Amino acid sequence: MSTRYKVGGRTHTIRELLEEQKDRVPITILGWIQNKSFIGGMIFLIIRDGSGYIQTTIKKENVPPEVFNVVKDSTKESAVKVIGETKLDKRAPYGLEIIAKNVEIIAKADVWPITRSAIRSPSFLYDIRHLSIRGKKASSVIKIRSKVIEAATEYFFKNGFYLISAPSIVQSACEGGATLFEVDYFGQKAYLTQSAQLYEEAAILALERVWTIEPCFRAEKSKTAKHLTEFWMIESEVAFATHEDIMRLEEELVSAITHKVAEECSGELKILGRKFTPPEPPFYKITYDEARDLIMKRGVTFEWGEDIPTEGEKIISNEFDKPVFIKEFPLSARSFYHMTKLDNDKVTLSSDLIAPEGFGEITTGGQRLSDYKELEKRILQQDFPKESFQWYLDLRRYGLPPHSGFGLGVERVTRWVSGVKHIRATSLFPRTPTRLNP
RNA sequence: GCCGCUGUAGCUUAACCCGGUAAAGCGGCUGGCUGUUAACCAGUCGAGUGGAGGUUCAAAUCCUCCCAGCGGCGCCA
């Protein structure tokens with residue numbers, strides 16, 4: 001597969017040059033000036049393109065005088081075309097540089113607002129996120145996110161899943177009404193979707209095993225390092241699958257994603273200073289009760305039936321060296337659609353997958369309720385409008401077998417793999433309760 | 001929704017506690033330098049301190065309210 005994009009007269013991407021490490025190759029590259037230093041009769045430019053960074057050296061005697069002056073007056077982040085040849089030189093970063101014969105400024109940039117001190121100001125960098133995404137670290141995280149999605153896509157297609165797309169404008173909630181973003185739909189109340197799950201359950205009756213990757217919206221005013229109000233979720237649903245089956249699927253998927261990132265994003269991980277070892281299956285499995293015991297022993301208390309508090313989740317996350325499933329959550333801590341155990345209707349066949357090193361929850365999955373009467377009861381208990389759930393209930397009238405599924409937070413997985421503190425770094429233009437712009 | 005913190009040149013900070021009329025680094029600009037890696041050296045420009053009000057002879061500094069952001073909790077992917 002060629003990664004050489006021959007637009008604008010370009011002969012090589014920077015990554016290709018660095019990989020080849022050849023001397024005296026005539027080249028034309030396109031990119032942006034990432035840094036410039038002017039030393040009397042010579043100028044060093046660090047050129048960035050979508051694939052990497054390379055130093056270009058412009059010597060006064062090698063280029064026409066007007067070109068030297070234009071480069072001397074050039075600004076950071078201006079788009080440039082460099083014509084020259086490669087030179088192996090120990091003094092250059094990565095041992096390779098370009099000796100320029102000609103440099104053309106394609107688009108001159110104004111004074112670049114991001115200085116050395118600005119890097120210490122997350123608030124400022126997110127105010128100008130449209131510019132700061134060009135940074136080495138910022139773009140590396142985005143590249144890793146891309147790889148996460150690539151790996152998941154590869155995994156699902158290899159294993160015979162169909163990709164579906166569910167609507168983003170919906171009438172029914174699936175994770176509780178309080179956290180819905182309301183939209184006006186020609187005078188009717190509608191909402192931005194929180195999950196594609198209910199639609200996937202319909203889809204498995206036609207396609208048996210499906211997956212989807214879509215934006216999800218949660219109007220939670222959560223000011224934490226792991227919440228976005230708009231995030232992307234990879235979800236999958238499988239007919240006839242049990243809770244155990246779906247945990248195995250999650251395990252395989254997470255393993256496939258993490259191995260691919262570790263192998264193919266080593267450069268990005270290095271830029272981020274992240275030492276990441278992909279976990280080998282099987283992952284650990286503990287019950288909610290076991291998790292609660294362990295957390296209580298560490299001095300954090302909560303009632304049986306409550307969701308595990310953040311502090312408790314951190315304890316679990318730091319306790320294990322690989323991801324760990326916490327299974328059999330109490331129904332009181334779960335959404336209405338979860339199936340309960342046959343011998344205990346207070347405990348669901350569901351699990352959260354907790355990433356290690358304190359990163360915490362990355363997926364939730366489980367078996368869904370396939371009985372009409374029981375589901376109807378739950379919907380009424382939740383005080384949901386039954387009309388908008390009728391189609392979902394209806395599935396139970398027309399041959400819905402036991403089935404299971406899960407949802408994986410793309411940004412949460414990216415955060416864990418990249419090792420970044422805050423989830424907003426994993427989104428190109430993050431949406432948090434305090435950020436809607438840019 | 002709750003708790004806590006912060007807001008001073010484009011950016012990062014100092015001066016705030018114990019009121020006296022804003023200081024520095026980075027960036028910019030001008031000049032110098034033929035091997036820079038966050039280059040270096042010299043010079044120079046740049047804010048009246050988030051907003052409104054109050055106390056005072058005098059407010060960045062004390063008080064009140066508002067706004068914005070950050071950290072955390074609850075909730076969750």
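Model, not experiment: these values are computed from the prediction. Residue numbers start from 1 in every chain, and the chains themselves are labelled A, B, ... in the order their sequence lines are given, proteins ahead of strands.
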Can you check side-chain hydrogen bond (donor to acceptor under 3.5 Å, both in side chains) on A:S168 and A:E214, steps first, answer last?
-> CA-CA 8 Å; A:S168 291; A:E214 293 199 325; 5.2 Å; no
RNA chain B: A:Q55 or A:E220, which has the more 5' nearest nucleotide?
->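 Its nucleotide being nearer the 5' end, the pick is A:Q55.
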Is there a donor on the side chain of [X] or the base of [N] sitting less than 3.5 Å from an acceptor on the other?
| X | N | value |
| --- | --- | --- |
| A:S222 | B:C76 | no |
| A:K59 | B:G35 | yes |
| A:E97 | B:G35 | yes |

A correct 5'-to-3' footprint of nucleotides 22-27 of chain B, with B, S and - meaning base, sugar-phosphate only and no protein heavy atom under 4.0 Å, is ---BBS
If you look at every strand shown and take non-hydrogen atoms under 4.0 Å, does [X] touch a base, only sugar-phosphate, or nothing?
| X | value |
| --- | --- |
| A:I362 | sugar-phosphate |
| A:D352 | nothing |
| A:T364 | sugar-phosphate |
| A:Y126 | nothing |

Is there a Watson-Crick or G-U wobble partner for B:C29 with both distances under 3.5 Å, and which nucleotide is it?
->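 Across any shown strand, B:C29 pairs with B:G43.
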Pairing partner (Watson-Crick or G-U wobble, both distances under 3.5 angstrom) of B:G4 |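 Partner of B:G4: B:C70.
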Under the side-chain contact (heavy atoms from CB on, under 4.5 Å) criterion, do A:F44 and A:I39 qualify, and how do the steps go?
-> CA-CA 8 Å; A:F44 297 102; A:I39 319 286; 4.0 Å; yes
Please state the [atom1] separation for the pair [N] and [M] - nearest whole angstrom.
| N | M | atom1 | result |
| --- | --- | --- | --- |
| B:C11 | B:U49 | C1' | 16 Å |
| B:U44 | B:C26 | C1' | 15 Å |
| B:C62 | B:C16 | P | 10 Å |
| B:A9 | B:A15 | P | 16 Å |
| B:G69 | B:C63 | P | 24 Å |
| B:U21 | B:C67 | C1' | 27 Å |

What is the distance from [atom1] of [X] to [atom2] of [N], rounded to the nearest Å?
| X | N | atom1 | atom2 | answer |
| --- | --- | --- | --- | --- |
| A:E313 | B:G72 | CD | C1' | 15 Å |
| A:K72 | B:G28 | NZ | P | 15 Å |
| A:R334 | B:C76 | CZ | P | 8 Å |

Is there a donor-acceptor contact under 3.5 Å from the side chain of A:R218 to the main chain of A:Q194?
->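 Answer holds: yes.
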Donor-acceptor contact present, side-chain A:K143 to main-chain A:G50, <3.5 Å |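 Confirmed, A:K143 side chain pairs with A:G50 backbone.
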Determine, using ring centers only, whether A:F325 and A:F406 are less than 6.0 Å apart.
->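 No, they do not, as the ring centres are separated by 6.0 Å or more.
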Going by heavy atoms in the side chains, are A:T258 and A:V417 under 4.5 Å from each other?
->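 A:T258 vs A:V417: side chains touch.
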A:R378 to A:Y337 six-membered ring, cation-pi geometry met (6.0 Å, 45°) |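 Here A:R378 fails the 6.0 Å and 45° test against A:Y337.
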Stacking check A:F231 vs B:A77 (5.5 Å / 30 deg) |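 Yes; by the centre-distance and plane-angle rule, A:F231 counts as stacking on B:A77.
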